[in-house]
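Source: prediction; values computed, not measured. Reckoned from all heavy atoms, side chains included, excluding hydrogens, waters and symmetry mates. We name chains A, B, ... by the order of the sequence lines, and we start the count at 1 in each one.
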Amino acid sequence: MLAKQTPLTKQMLSKLLRASSSKPKQFKKIHALVLTSGLSVKNSLLTQLLEKLILVGDMCYARQMFDEMHKPRIFLWNTLFKGYVKNQLPLESVMLYKNMRDLDVRPDEFTYPFVVKAISQLGVLPCGFAFHAHVLKYGFETLGIVATELVMMYMKFGELSSAEFLFESMQGKDLVAWNAFIAACVQTGNSAIALEYYHKMCEDAVQFDSFTVVSVLSACGQLGSLEIGKQIYDRARKEDIDCNIIVENAKLDMYLKCGSTEAARVLFDEMRQRNIVSWSTMIVGYAMNGDSEEALALFTMMQNEGLRPNYVTFLGVLSACSHAGLVNEGKRYFNLMVRSNDKNLQPRKEHYACMVDLLGRSGLLEEAYEFIKKMPLEPDAGIWGALLGACAVHCDMKLGQKVADLLVETAPDIGAYQVLLSNIYAAAGKWDCVDKVRSKMRKLGTKKVTAYSSVEFDGKIHVFNRGDQSHVQSKAIYEKLEEILKKIRNMGYVPHTGSVFHDVETEEKESSLSHHSEKLAIAFALINGRPEHPIRVMKNLRTCDDCHVFAKFVSRLTSRDIIMRDKNRFHHFRNGACSCREFW
DNA sequence: CTAGGGTTAG
């Protein structure tokens with residue numbers, strides 16, 4: 001490498017650094033050379049060295065180097081902060097900040113974007129407040145970049161109103177600030193708000209770009225707003241916005257999340273280029289829509305094209321097996337992952353949850369339980385939750401109780417699990433147990449999520465709760481519902497009162513059932529929607545048995561397709577049958 | 001010399 005007698009020069013060091021692309025061992029050698037050479041090396045060179053170490057993720061060595069420096073200037077501190085953020089070490093970042101202040105080093109405008117991002121990663125709100133105060137103290141809150149980071153931080157903490165307030169009070173918001181906020185809204189499940197801000201952005205005459213389009217399309221997918229999504233995409237095309245593969249993937253996903261598998265497939269086949277995200281989106285989408293055969297066929301096609309699946313692709317494949325009850329195929333794909341010898345492709349907790357779901361849904365509850373006990377990872381709430389869900393489907397009270405007890409310990413704040421358990425008790429007629437669960441929930445303060453359904457019409461999202469009378473067309477909706485119920489009763493519809501988990505008389509049960517949010521949404525769509533269009537209903541939770549039967553009858557009665565997306569999957573109702581074949 | 005935004009899954 002280097003001849004010993006050659007004196008080391010700074011130029012040579014620079015060259016060496018550039019040559020040693022990403023081999024941490026070489027950095028250490030070079031660093032040793034620097035230390036022994038006696039050269040007074042400028043910080044700029046050390047910064048280069050630091051940057052390289054950060055790139056390969058050797059933060060320990062980077063820190064060691066930093067600590068050996070004499071009075072490092074603020075930009076070196078910043079470089080280290082950057083490294084901690086890049087390598088997801090928020091705690092180290094906070095400690096470094098403390099060191100910095102102990103040494104009376106004054107942070108500059110570049111410090112806070114890194115530090116605030118670290119706090120977002122750390123996820124401790126009081127810490128966030130403290131850093132916000134520091135930002136104010138040094139007068140950096142007027143800087144767009146720092147303010148944007150603060151907004152993102154509050155969004156990540158679920159402090160939507162704080163984030164909104166901060167965002168609104170930003171002066172001269174640029175495109176990136178808008179995009180960041182809209183994206184954060186979508187990522188935190190506030191898609192309706194994301195669309196609001198997209199419109200505000202247009203009013204403010206800020207020209208949107210492809211980043212905006214991706215977030216808005218994603219929002220439309222979440223909301224099931226096919227028409228709004230199409231409009232925005234067409235507008236982007238008209239305004240010559242670069243619709244790259246990420247935009248196309250987002251559009252593909254929107255179609256699938258709105259239940260338009262055919263349109264999605266046309267788009268997929270026409271795409272100029274497809275990457276692993278395109279394929280995975282399509283496979284996951286088919287699985288969600290109950291088209292397991294297409295999902296698995298596409299997986300095979302992808303492999304034939306020589307593309308390597310990633311862990312998301314396998315989630316799609318496994319959920320396709322789960323929705324179709326393909327136990328053996330699911331096991332085969334799961335083993336494919338285990339045997340792949342690819343570290344990145346080893347089954348993760350989500351895959352185990354998928355397998356538990358697959359086994360449990362097929363009635364193999366004991367096998368699912370054994371599967372969990374044997375898994376090499378620590379089972380989390382999601383995995384036990386999958387088993388509890390299966391216990392609910394198959395009314396297994398004994399195992400259900402056992403699993404629910406485990407869940408109370410690991411995830412006491414998730415009301416959905418308690419609701420599942422109380423549903424199991426209710427189905428068995430154990431009302432005293434139902435009451436016990438309810439009062440326990442009250443005591444612990446666990447809330448259940450309120451069920452709602454939504455329908456897009458005339459560029460707006462119409463939301464319905466159970467027994468909702470707040471809609472302007474409420475009277476017409478209830479009349480329509482009565483009319484339909486009467487007609488389908490003559491066709492043989494019998495209300496499935498098992499879906500009511502309260503200890504009340506049959507008559508009351510029926511009236512409670514008939515006002516479920518899905519039914520109101522369907523009635524609304526029948527009044528307003530065009531007969532040639534399918535009815536699209538989005539539900540935030542799993543749909544109940546009675547609404548499922550109801551939708552089947554309505555699809556036959558009215559000869560309309562009903563596409564219902566619930567929390568887990570799609571139900572495509574046509575002429576009295578559902579695509580899920582009663583397996584959900 | 002350094003800083004903020006996007007797609008699948010959760």
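- Base contact: A/L175 has a heavy atom under 4.0 Å from a base atom.
- Rounded to whole Å, the distance from CE on A/M282 to C1' on B/dA9 is 17 Å.
- Here the side chain of A/T281 is nearest to one of B/dT2, B/dA3, B/dT8, namely B/dT8.
- The distance from atom CG of A/L49 to atom OG1 of A/T79, rounded to the nearest 0.5 Å, is 11.5 Å.
- For B/dG10, the OP1/OP2 oxygens have no side-chain nitrogen or oxygen of A/Q187 closer than 4.0 Å.
- The phosphate of B/dG4 (OP1 or OP2) has no side-chain N or O of A/K156 nearer than 4.0 angstrom.
- Within the nucleic acid shown, A/N78 comes within 4.0 Å of at least one base atom, counting heavy atoms only.
- For A/R237, the salt bridge (charged side-chain N to carboxylate O under 4.0 Å, His left out) partners two or more places apart in sequence, or in a different chain, are A/E248.
- A/D108 comes within 4.0 angstrom of a base, heavy atoms only.
- The nearest whole Å value for the distance from the CD atom in A/Q346 to the P atom in B/dA9 is 22 Å.
- When heavy atoms are screened at a 4.0 angstrom cut-off, A/L315 is found touching the sugar-phosphate backbone but no base atom.
- Nucleic acid contact class of A/A177 (heavy atoms, under 4.0 Å, all strands): base.
- When each of B/dT7, B/dG10, B/dA9 is scored by its nearest atom to the side-chain atoms of A/V277, the top-ranked nucleotide is B/dT7.
- A/V284 comes within 4.0 angstrom of sugar-phosphate atoms only, judged by non-hydrogen atoms across all strands, and of no base.
- For A/A250, the listed nucleotide lying nearest its side chain is B/dT7; candidates were B/dA3, B/dT7, B/dG4.
- In this entry the distance linking CZ of A/R274 with P of B/dT8 reads 19 Å, nearest Å.
- Residue contacts for A/S210: at a heavy-atom cut-off of 4.0 Å it reaches a base atom on one of the strands shown.
- With salt bridges taken as basic N to acidic carboxylate O contacts below 4.0 Å, none links A/D234 and A/K230.
- At a threshold of 4.0 Å, the pair A/R63-A/E92 does not count as salt-bridged, since none of the basic side-chain nitrogens sits closer than that to a carboxylate oxygen.
- For A/D242 and B/dG6, the CG to C1' distance is 12 Å, given to the nearest whole Å.
- If you check the side chains of A/N78 and A/T111, you find a donor sitting under 3.5 Å from an acceptor.
- Rounded to whole Å, atom P of B/dA3 lies 14 Å from atom CZ of A/F81.
- Across all strands shown, A/D380 has no heavy atoms under 4.0 Å from either base or sugar-phosphate atoms.
- Note on A/V247: a base of the nucleic acid sits closer than 4.0 angstrom, heavy atoms only.
- The distance between atom CG of A/L256 and atom P of B/dT7, rounded to the nearest whole Å, is 16 Å.
- Considering only side-chain N and O atoms, A/K349 lies nowhere under 4.0 angstrom from the phosphate OP1 or OP2 of B/dG10.
- At a cut-off of 3.5 angstrom, counting only N and O atoms as typed in the model, there is no donor on one side facing an acceptor on the other between the side-chain of A/S215 and the base of B/dG6.
- Looking at heavy atoms from C-beta onward, A/P107 lies in side-chain contact with A/Y138 at the 4.5 angstrom threshold.
- In the set B/dT7, B/dG4, B/dC1, B/dG4 carries the atom at the smallest distance from any side-chain atom of A/V176.
- Ion pairing of A/D342 with A/R308 is present here, as a side-chain N (NZ or NE/NH1/NH2) and a carboxylate O approach within less than 4.0 Å.
- Stacking of A/F110 onto the six-membered ring of B/dA3 is not present when judged by under 5.5 angstrom between centres and under 30° between planes.
- Residue-to-nucleotide contacts include no donor-acceptor pair under 3.5 Å from the side chain of A/N249 to the base of B/dG6.
- Side-chain proximity of A/E149 to the nucleotides B/dA3, B/dG6, B/dG4 is greatest for B/dG4.
- Rounded to whole Å, atom C1' of B/dT7 lies 13 Å from atom OH of A/Y311.
- The side chain of A/F211 lies closest to B/dG6 when the candidates are B/dT8, B/dG6, B/dG4.
- We find that CE of A/M288 is positioned 7 Å from P of B/dA9, with the value rounded to whole Å.
- The side chain of A/K257 approaches B/dT8 more closely than any other nucleotide in the set B/dA3, B/dG6, B/dT8.
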